[in-house]
Amino acid sequence: MSIVSTIQQTVISSLSALYNQPFTEKDFQVNQTKPEFEGDYTVVLFSLVKSLKLSPDAIGTALGNDLVSKNAERFTGFNIIKGFLNLSIADSYWTDLLQKNYNDICYGKKPMNGKKVMVEYSSPNTNKPLHLGHLRNNFLGWSVSEILKANGYEVIKSAIVNDRGIHICKSMIAWQLFASGQTPASTGTKGDHFVGKYYVQFNDEYKRQADELIAAGKTKEEAEKEAPIMKATQQMLLDWEAGKPEVIELWKTMNQWVYSGFDATYKRIGSDFDITYYESNTYLLGKKIVQDGLDKNVFFKKEDNSIWIDLTADGLDEKIVQRKDGTSVYITQDIGLAEQKYEQYHIDQSIYVIGNEQDYHMKVLKLICQKLGIGNAAGIYHLSYGMVELTSGKMKSREGTVVDADDLVDEMVATSRQHTEELGKVKDFTEVELTELFDTLALGAMKFYLLRVDPKKTMVFNPQDSIDFHGFTGPFVQYTHARIKSILRKAGEWSMLNEQWTALLPLEKAVIVMAEQYPNIIEQACREHNPSVIANYVFQLAQTFNSFYTEHSVANAETEEKKKLRLQLATMTATILKSGMELLGIKVPERM
RNA sequence: GGACCGGUAGCUCAGUUGGAUAGAGCAUCAGCCUUCUAAGCUGAGGGUCAUUGGUUCGAAUCCAAUCCGGUUCACCA
């Protein structure tokens with residue numbers, strides 16, 4: 001039990017005894033005491049004033065005396081300032097906590113709870129390479145999965161690949177027109193970038209043709225409809241759906257190029273999936289469900305034979321689920337896939353890591369699934385995240401202002417190499433070790449940078465800040481870990497007896513107090529589906545340790561007991577830093 | 001226009017179910033390496049928490065209105 005819960009329970013029983021009436025945790029607040037006051041934790045008394053009809057001071061004095069007299073081994077003293085009861089916690093509480101947990105690599109994590117969660121993330125298109133936005137998505141999806149696991153869930157990571165549709169045909173058409181048979185292999189280009197190039201080329205050519213038609217007197221709308229390259233693309237989509245062999249063949253070939261490119265990127269950034277769904281397999285899935293929905297009167301048919309759901313009672317509009325020609329729309333396949341996920345895995349929760357521009361769509365999807373009674377539809381959760389903007393404004397693929405994922409990784413690796421060489425601390429590393437270190441630092445910096453912000457918020461990507469390795473960054477935390485490891489290596493073997501600790505110094509206590517909060521932090525991150533909670537915590541812990549580190553020596557501690565205490569302190573800090581960073585998908589080096 | 005999200009230091013962000021003098025990092029300035037890794041530490045300056053009103057012992061936090069920014073409201077995906 002956490003110290004806060006412990007205090008809450010103790011206060012509740014004290015209050016009940018003193019005032020002869022029941023209390024709950026909601027009747028008062030327990031906060032950490034502000035540094036300028038004496039004490040460790042504070043009970044806020046104001047909320048009790050009304051029901052007890054006593055002054056805050058009177059309540060505080062009675063409560064403080066009762067707590068200290070009945071729990072002398074836990075509370076060593078109290079003071080009351082303006083309605084705040086500041087409690088001092090016995091050092092033995094902190095040293096016991098340290099002794100019990102300092103070497104536990106599972107500290108803060110929960111045992112399996114028998115629940116299954118699917119986390120869907122990444123969801124790329126096969127017509128362009130991954131960019132900065134995908135990175136936020138991937139890092140979030142991975143991290144949330146790890147956080148769920150730490151909270152006892154079994155996690156299935158999934159991706160849905162958007163591999164069909166008119167946009168895919170665009171790059172295919174452009175390749176036919178302009179590539180003259182070139183391939184990724186023949187040009188030495190990464191497959192996804194190769195295909196992405198033709199997608200861009202399509203848009204250029206399309207715009208050129210449309211402009212030409214407009215110049216010839218057509219309206220913009222007519223021109224966009226009649227441009228030959230667009231007509232060819234639409235024909236190709238029809239051919240694809242009809243299964244025309246040469247179109248299917250080209251589609252498979254080009255998708256394969258993209259997949260090999262994606263695989264390389266995923267491998268590099270440390271992302272993977274337990275199951276990958278392809279839209280070409282799922283896009284017809286929802287049709288049977290539409291029929292079921294009609295039978296159950298969840299859906300209704302209009303005169304033109306299109307099928308709809310009426311969500312006006314839920315504050316939304318009517319939504320189409322099948323066109324009048326009988327073909328399915330975007331949301332239909334999502335319903336189908338949602339059901340398939342439940343049937344395949346019997347999951348309790350289904351988390352979708354998707355940008356906030358789909359908030360409305362996901363709301364509708366969840367509602368429809370609930371009305372249809374699909375699986376555990378109440379467990380559908382849209383982890384909605386904000387866009388990544390550049391300091392110069394939004395990323396626009398058509399204007400070439402996207403930040404490419406591969407380029408960014410390369411740049412970060414180069415930066416970490418440069419920083420490391422300037423510092424010259426790892427001159428004895430082999431080339432293999434160096435490469436691994438640069439990757440660890442580069443990805444650490446990137447992941448931390450993208451995960452330290454609340455997911456739901458739109459964030460700004462500042463290239464200068466992102467390559468900074470000082471302050472609130474991944475490398476800062478990695479550095480703190482490496483530094484601790486260095487101390488521990490030099491300390492060699494040491495054993496713990498039942499030590500009699502002398503009084504804790506403020507900076508020693510500060511570190512343990514931070515460490516005590518880790519289990520709560522893991523829980524909070526899970527509850528809020530929010531990795532930034534971990535990032536902020538891990539940074540603060542590292543910062544607290546660093547303050548301790550510069551003030552007090554471990555190796556040359558005042559006494560042998562102090563040395564052991566500090567070795568434990570250092571061990572526990574390193575363990576939590578490693579564990580917390582792992583929840584963010586970030587590795588920590590032993591040396592750097 | 002309706003719905004949803006946001007507005008906190010020059011910049012990027014924290015800020016628990018309302019609690020004490022609103023916090024970090026970057027940037028700026030001033031200090032700290034003969035001692036465990038200075039990718040570090042200590043300190044200073046920097047705020048009308050968008051605005052106005054309300055709720056109360058107490059509001060960045062809750063309510064209402066207004067202003068500004070974003071997203072969405074397709075028989076596109």
Side-chain angles (χ1 to χ4, degrees), chain A residues 25-26 29 31 33-34 36-37 42 44-47 49-50 56 81-84 86 125 162 164-168 279 283 302 304 306-308 315-317 319-325 327-331 333-334 355-361 363-364 384 386-387 389 391 394 416 419-420 422-423 425-426 441 445 449 452-454 456-462 464-466 468-480 482-491 520 524 528 532-533 535-536 539-540 542-543 546-557 566 570 591-592:
Chain A
E25 309 86 62
K26 297 211 167 118
Q29 272 184 50
N31 301 330
T33 303
K34 300 264 172 195
E36 55 268 34
F37 301 104
T42 297
V44 183
L45 302 165
F46 294 106
S47 49
V49 169
K50 211 176 251 175
I81 298 169
K82 292 198 298 185
F84 296 91
N86 301 323
N125 281 343
N162 193 332
R164 63 162 283 279
I166 190 89
H167 52 295
I168 305 302
E279 210 176 283
Y283 83 110
K302 291 197 174 176
D304 65 359
S306 58
I307 300 175
W308 296 72
L316 306 176
D317 293 328
K319 180 84 185 175
I320 189 160
V321 294
Q322 185 172 303
R323 299 188 186 99
K324 63 188 171 203
D325 62 7
T327 56
S328 58
V329 294
Y330 179 44
I331 199 152
Q333 61 177 314
D334 277 352
N356 60 9
E357 71 272 8
Q358 301 219 32
D359 283 355
Y360 182 78
H361 173 80
K363 213 164 154 183
V364 171
S384 162
M387 279 190 289
E389 291 183 354
T391 39
K394 284 185 193 170
S416 66
H419 279 287
T420 306
E422 276 168 14
L423 292 168
K425 293 179 184 175
V426 287
L441 295 176
Y449 185 82
R452 69 185 201 187
V453 181
D454 188 333
K456 67 172 182 286
K457 288 197 172 177
T458 303
M459 65 172 289
V460 175
F461 179 85
N462 183 329
Q464 255 103 49
D465 288 357
S466 72
D468 194 350
F469 284 12
H470 303 269
F472 187 18
T473 66
F476 171 92
V477 180
Q478 291 171 321
Y479 173 73
T480 306
R483 196 152 71 162
I484 294 173
K485 285 299 185 160
S486 171
I487 297 174
L488 297 177
R489 271 193 304 274
K490 287 182 181 165
N520 274 342
Q524 188 194 345
E528 298 176 3
S532 79
V533 170
N536 279 286
F539 171 67
Q540 214 185 320
Q543 218 179 17
N546 283 332
S547 297
F548 156 79
Y549 172 91
T550 34
E551 201 62 33
H552 305 293
S553 175
V554 176
N556 300 312
R566 290 177 188 171
R591 289 182 55 194
M592 65 184 272

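The structure presented is a predicted model; accordingly, all values stated were derived computationally and were not measured. In what follows, chains are A, B, ... by sequence order, proteins preceding strands, each numbered from 1.
A:D468 and A:T473 share no donor-acceptor pair across their side chains, judged by distance under 3.5 Å alone.
Between A:E389 atom CD and B:U12 atom C1' there is a gap of 13 Å when expressed in whole angstrom units. Taking atom CD on A:E36 and atom C1' on B:U21, their separation rounds to 7 Å, with Å as the unit. Between the CG atom of A:N31 and the C1' atom of B:U21 there is a distance of 16 Å, rounded to whole Å. In this entry the distance linking CZ of A:R452 with C1' of B:G15 reads 16 Å, nearest Å. At whole-Å resolution of the value, CD in A:Q543 and C1' in B:A24 are 7 Å apart. Here the C1' atom of nucleotide B:C73 and the NE2 atom of A:H361 are 14 Å apart, to the nearest Å. Remark: C1' of B:U17 and CD of A:E528 are 12 Å apart, rounded to the nearest angstrom.
Ring planes of A:F472 and A:F539: tilted class, angle from 30 to 60°.
Here A:R566 does not reach the OP1 or OP2 of B:C36: none of its side-chain N or O atoms lies under 4.0 Å away. Between A:R323 and B:A77 there is a side-chain polar atom (N or O) within less than 4.0 angstrom of OP1 or OP2. The shortest distance between the side-chain N/O atoms of A:K319 and the OP1/OP2 oxygens of B:A74 is not below 4.0 Å.
Between the side-chain ring of A:Y360 and the base of B:A3, no stacking contact exists by the 5.5 Å and 30° definition.
Classification of B:C49 as anti follows from a glycosidic angle more than 90° from 0.
Heavy atoms of A:K26 sit nowhere under 4.0 angstrom from any nucleic acid atom.
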